[in-house]
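Written below as C-alpha cells is the structure these notes are about.
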Amino acid sequence: MLKPVKTLFSILLAGAISVNLAGQSNLPVYLNENKPIEERVEDALSRMTLEEKVAMCHAQSKFSSAGVPRLGIPENWATDGPHGIRPEVLWDEWDQAGWTNDSCVAFPALTCLAATWNKDMSALYGKSIGEEARYRNKNILLGPGVNIYRTPLNGRNFEYMGEDPFLASKMVVPYIQGVQANGVAACVKHYALNNQEIDRHTVNVNVDDRTLYEIYLPAFKAAVQEGNAWAIMGAYNRYKGQWACHNQYLLNDILRDEWGFDGVVVSDWGGVNNTMQAIYNGLDMEFGSWTDGLSEGASNAYDNYYLANPFLKLLYSGEVKVEEVDKKVRNILRLAFRTTMNTKRPWGSFGTPEHAAAGRKIAEEGIVLLKNNGVLPVDLNKTKKILVVGENAIKPMTVGGGSSSLKAKNEIAPLDGIMNRVGKQADVIYARGYVGDPTSEYNGVKLKRDLHDSRSAAELIEEATRLAKDADIVIFIGGLNKSDGQDSEGNDRKELNLSYGQDNVIAELAKANKNLVVVNISGNAIAMPWINEVPSIVQTWYNGTESGTALASILMGDANPSGKLPFTFPVKLDDNGAHKLGDYPGVDKEETYKEGLFVGYRWADKENVKPLFPFGHGLSYTTFEYGKVAADKKEMTADGKISFTVNVKNTGNRDGAEVVQLYISDLKSSLPRPVKELKGFEKVTLKAGEEKTVTFTVDKTALSYFDDKKHDWVAESGDFEAIIGASATDIKSKVGFKLK
Ligand code: GLC
C-alpha cells in the first residue's frame, strides 16, 4: 500500500519542481532575474515599440518618466535631494501635494559629511537616506552633489563636499554604495563645472584640461568607477559652448568612453536646450524642460519635450536612426533592472529614530572646533547661567535653500538642543540679538515657528548685551541661513562677511562678556573681523533633524569634536584664486577659471597667503602628538607602492579622534603643480593616553599629474616628499623619497 502512495507523491513532487524550473525558463528573458542583465536589456528592447522607447527618454510629470506598462516595466520616479527625501509635489507642479505621510528625516548637509573625514559616516549616510528613498518608492535619488568649492560665495556649496578633489572622491563613494544597496540609483550631480549659481543656466565655463581633470572631474570619476553610480545629472552651464546636459566632451568622450559609465544621464530640470544635441551628445532622460516656448504648462507639454515628439518625428522620417534611441533605452532599462525590477531589493524605512540617530552621529562627527581658549566645553558644575543669542539658535534650517529643501518630521533647533541637554543644571536664557530672515517657506512647506520680531537692531543689541553682563557664558549662534544670497540655490552670496549686522552684535557681546562662544552655521566660509575678541569659535553646518542635539552634545562636552574643515576660510575674498585671478562670476556669460589648478589651499600655498582657518583644520577637547613620519623605502618603482607610517598619541585626558592627513609634494616637475596635494587621510580614535600607528600606502597615482598634451596621467621620476599634517598648514613631519 505504502509503495504506490510513495510513488505517486514522488511523481507529484518531481512534477512540481519541473513546473517551477519550467516556470523560470518560461519567463521572458527580460523578466528572468537569473539571466545576465545585458541579455535582459536586449530582450526588453526587442519587444518595445518606437513610441514606447521615446516615451522612456523624457519626463511625464515633474519627477517621473514613463515605463512600459504593456511589458510590466514600471515608471521611473526621481526625488530630491542629497540631504533627505523631498515632500511629494503635485503631478506637474513644484507645489506640495499635501501628503501627510512624507515628512522625512533631514540629514546633515554634505559639507558636514565631508567635514567628518570619515568614510564610515558616508556609508551610514548613504544607507540611511537610501532606505528613506526606497520606502517612498523613488528609484532615482537626485544626489549627492560633488561640485568643487571654487568660491566661498557659491550658493550651493552646502550641498557639496568641499574644495579638494581627493577628499570629495573618497567621501562620495560609500554614500553612493549605501544608497544603491537599497535598489535606488544615486544620481551624482551636477556634472560638471557648476561652481556658482550666478548665470548658472547660461554661463560658458572655460577651463584648461589639466584643471578639469585634476580638480573638477575626480569626484565624478570616483563616483562612476569606484562608486558604480547608476545615474549622473548633467549641469545647467555650458562647457566648450555646449550645454552640459548634452555635451559631446563631458558625456560621450569622458563619461562613456574614458570612464566606461553604463548608467543613465539625467538632465538637470530645464537643462535641455536642443533636440539634436540631446539626441547625439549623451543625454538619456530629459526632465523639467519648460519646453522651448511651444506650450509652457499646456496639458501636452511633455509631448513637446525636446526628446518627445520632435525626437519621434526625426525617427519616423529616418533622419535619425533608431539606434540613437536604442542607446538611451538600453541605459534606462539597465536602470530598471537595477532598481524597480529588482525583486530582491529591501523595502526601506522612513522617518525612523535610527535615521535620526544616524544624522546626529554624522553631525557630531562633522562639527568643527575652530578656536578654543578654554571656554569650551561648558562645565555645567560651575556654569549657572547660559545666555544664548542669535536668530540661528531658533531658526529651523531644513526648509529653504532650493531643491534640497525638506519637510522634516522633526527638527531640534540649537536653542532647543541646548535647553534639552542642560535641563535644570543651569538657567538658559535667550536673546534674539538680530533679525535676519523671519520667513522660511519653500514650495509651500512653511515653518511652524513664527520668527517675526519688530524690535529695532539697537533694542535687540541692548537686550543681548544687558543680559550678557551677568551670564556665566554667552553662546552666539548665527551665520548664514539658506535664504536667498545666504547659501541657497539660484543665487550666490554678495560678500564674505555675515549679514544682518551680526558682526556688530558679536563685537558688542565680546565687550559685555569675555566668556563668549561664537557658533557659525553655514555651508561656506565667512569673514571674522571679531576673531581676536572671541575665545571660542565653532563651525557647524545645516545639520537637519538633530542639529540642536548634536550641537549641544559638542558644546557641553558629551561628544569630543573631531570635524575638520573641507574647505579654506580665507581672510578676505582676494585671498581666493577665483576672485584674485578670476574671473568669477564671468563676463557676458563667459567665465574662465584663470586660477586653474590653484583652488583652495593650493592657492594659499602658491601665493603664500595665510588663511583665517586652513583646509583640514579642526581642534579637539584633547591634544594629540605626532611622531616622525617614516617611509618603508627610499625609492619606489613606477609599478610599485610605498608606505608611510606615523605614530599619533592622545596626550590629553579624554578620548578623542584625529584626522591624520597625508599630502604629497612633487619637488620638481616639468609642468606647474600645487606645492602639495591631499593623497590620504585616516580618522583615528584614541583613548586618553593611547598611541596608534597610522599607515598610508600609495602607488604612482598619488604622484601623478594630468599631462594635457599626452591626455594622460603622468608620474615623473624624481624627488617627492610625503607630508603629514593635522591641517594644510599644521605640518607635523615630512619624509623625502624618489620615484625611479
Ligand atoms: C534643480 C537643481 C537640481 C535638482 C533639480 C530637481 O534645479 O539644480 O539639483 O535636483 O532641479 O529639483
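Just so you know, ligand 1 is whichever comes first in the structure, and atom 1 is the first atom listed for that ligand. Since we're looking at a predicted model, the values are computed, not measured.
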Looking only at protein heavy atoms, identify the closest one to [atom] and say how far it is in Å.
atom	answer
atom 1 (C) of ligand 1	E489 OE2, 3.2 Å
atom 5 (C) of ligand 1	D268 OD1, 3.4 Å
atom 6 (C) of ligand 1	D80 OD2, 3.3 Å
atom 7 (O) of ligand 1	Y236 OH, 2.6 Å

Q | Check: F63 ring centre within less than 6.0 Å of W94 ring centre | A | yes
Q. Between Y593 and Y584, is the ring centre distance below 6.0 Å?
A. no
Looking at [X], which atoms of ligand 1 are within less than 4.0 Å of one of its heavy atoms?
X	result
R200	7 (O), 8 (O)
W94	12 (O)
L142	10 (O)
M233	10 (O)

Can you confirm whether the side chains of [X] and [Y] place a donor and an acceptor under 3.5 Å from each other?
X	Y	result
H190	R156	yes
S522	N524	no
Y213	E258	yes

Q. Any heavy atom of F287 sitting closer than 4.0 Å to ligand 1?
A. no
Q: Say whether E159 and ligand 1 are in contact under the criterion: heavy-atom distance to a ligand atom below 4.0 Å.
A: no
Q: Report the C-alpha separation of R136 and E88 in whole Å, then their side-chain angles, then the decisive distance to 0.1 Å, and conclude whether the salt bridge (Lys or Arg N to Asp or Glu O under 4.0 Å) test is met.
A: CA-CA 9 Å; R136 291 269 281 103; E88 201 69 18; 3.0 Å; yes
Q) How does R156 reach ligand 1, by side chain, by backbone, by both or by neither, if only non-hydrogen atoms under 4.0 Å count? A) side chain
Q. Any N/O of H190 closer than 3.5 Å to an N/O of ligand 1?
A. yes
Q. What class does the angle between the rings of Y135 and F350 fall in, given that below 30° is parallel, 30 to 60° is tilted and above 60° is perpendicular?
A. parallel
Q.
Can you classify the ring geometry of F567 versus Y149 as parallel (below 30°), tilted (30 to 60°) or perpendicular (above 60°)?
A. parallel
